[in-house]
Amino acid sequence: HQVLRIKTKNEEEVKQLQLLESLEHLELDFWISPSAPALPVDVRIPAVRVQSVKAFLESHGIEYSILIEDLQAVLDKEKQDMAESAQRQRSSSFDFGAYHTLDDINNELDHLASEYSFVEKIQIGQSYEKRPLYVLKFSTGGTNRPGIWLDAGIHSREWVTQASALWIANKIASDYGTDASITSLLDKMDLFLLPVSNPDGFVYTHTWNRMWRKTRSKIPGSVCVGVDPNRNWDAGFGGPGASNNPCSDSYHGPSANSEVEVKSVVDFIKNHGNIKAFLTLHSYSQLLMYPYGYKCTRPADYAELESLGRAAASAIQSLYGTTFQVGTICNTIYQASGGSIDWSYDNGIKYSFAFELRDTGRYGFLLPASQIIPAAQETWLGLKKIMEHVRDKPY
Amino acid sequence: AVAVGYVRYRRGGPGRGLELRALRRARRQDIDDVGHKYYLELELGDVLDKDRTVNCTAEVLYHLGHKNTAPEVQFSVEGELRSTEEADEEFYNRIRSLEKELVAENIPDSHGNIPQELEPIHLLAWVASGYLIWQNSTENTHFHLAQIKHVKQVKRSDEDLQFDYVVLLHEMVSQEVIPWEVAVLWHPRRGLRVSRDRRQPGHTPG
């Protein structure tokens, strides 16, 4: 089938074409009907008629040009293009049920920030190897509203945490406006989410050693690399439960906040000045803990934190039956000094909790990707319980 | 973890991965001049049989001052675990009929995947890790099998299957991931024996 564009010079020629149009047996499909000499006439001609129509036009001296030489080819190509585009649409939608590289994660952060007006990507610093530390800020307005801090991936091998953080970010963003609880939460408070707290370590787990935990900073005087970023906070720094051996996976570092990844968060939180909850994700063991880790005594707010912890664990269990043990770090896991939630608690952030996500050792750090979304879903219920409490109990 | 590791070593196989479902009760007794004895009531289950649990009582004795000897473990299991006779025979025959010796690495892989046909190899390593955990634990360690780094089958002239593993053990308290070489013999009726093991020498500083 061809499509011709006919340029009529006068009324006479227009009349000829109108005659042609009336001959229904020709099955001519006029895309632009003949009306006035100045206007072009576009007509689709079935393949078998092409020769005879052209002969007709030529014999009457009517000018024409070929707009589309082979209509079927054009249609075929368009169909192909559409299929490819649909494919691209589907795959450019982020797969939250899979593990991703740092670049893919950062792209998704950009995507979330561009899709939702109340989501902004901010940079709070950079890692030892100069990778940006990106935080998603969820804010529906106000000036310096009370804020909630949530981080993941401080220990790079704990892959389910970065993956869950992405799912949670998307969940909060997409449910604002429809979920009553999230809506009222973000209408009163801001949320700051750092999905990859240790990007250097994370890249290292993709490229060299899946079991890498620490940062990648060079330690003066040692061949060993990296500091355990969750022993590097200024809370009982250097005490029991951290190693002073640079080659150890729980090396506390040369001094508190020596790791830029830690210092950047400390500075951000201090400068903000109005953070009311500090929540951090780890794996594995299925635990929900509050301070202290550096000492084995109970915090002043023990009763409230224990009760809130139990409520959160109960919420987690309600979804898939996954049980989380609740307690202080020292009682539940081990004595560990220089930890982040001990620092935040001792700096006035009452609601400080650390989660250890799935599982309990069968897969450990190598949790199958098929468990990412269930883990994220149940963890979110626990986080939500805590956030609702923070929202309703301002201090 | 020591108790579970020991039970896993004694009762596990390529068709049975024993895990701790719940700790019902635990009590510690300090015995003068001897050591610390733990009395435990556990609920165990087979990872391949979600609906069934068995009760287990165990006693673990850590000898005072004998840092290099394994704790003594005694246990009894109440109830029956799913039979693995058929699966064991099938696994045994499959491996025996392989033309080339089986070689594999990174089980599970970085994304937590284990190919279906390698699942028994993984469970066998889990059983062997039960032995390693029992032999190398103190009251201040908590080991898990993190990953099989490498496994190589070694064909034998007798009826046993032999697999030489390099496994990664994750120790929770120090957070170290420790490579360990362990050679494992297995037979459907004779069960698993560890023929040799050693902590892999050398160190990856990063």
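Side-chain polar atoms of A:T322 and A:Q286 form no donor-acceptor pair below 3.5 angstrom. Defined by atom type and a distance below 3.5 Å, a donor-acceptor pair is missing between the side-chain atoms of A:S250 and A:S243.
Counting only heavy atoms from C-beta outward, the side chains of B:L42 and B:F75 never approach each other to under 4.5 Å.
Interface remark: B:L20 contributes no atoms to any contact with chain A (heavy atom separation under 4.5 Å). Both the backbone and the side chain of A:R362 come within less than 4.5 Å of a heavy atom in chain B. Proximity to chain B (any heavy atom under 4.5 Å) is restricted, for A:Y334, to the side chain, taken from C-beta onward. A:T360 touches chain B through its backbone: at least one of N, CA, C or O sits under 4.5 Å from a heavy atom, while the side chain does not. Looking at B:N140, there are no atoms closer than 4.5 Å to chain A (heavy atoms on both sides), in backbone or side chain.
For the pair B:D46 and B:R52, the salt-bridge criterion is not met [side-chain N within less than 4.0 Å of a carboxylate O].
Options B:H144, B:H170, B:Q175, B:Q147 differ in how many heavy-atom pairs under 4.5 Å they form with chain A, and the most are formed by B:Q175.
Taking the six-membered ring where the residue is Trp, A:Y363 and B:H122 present parallel rings, their angle staying beneath 30° rather than reaching 60°.
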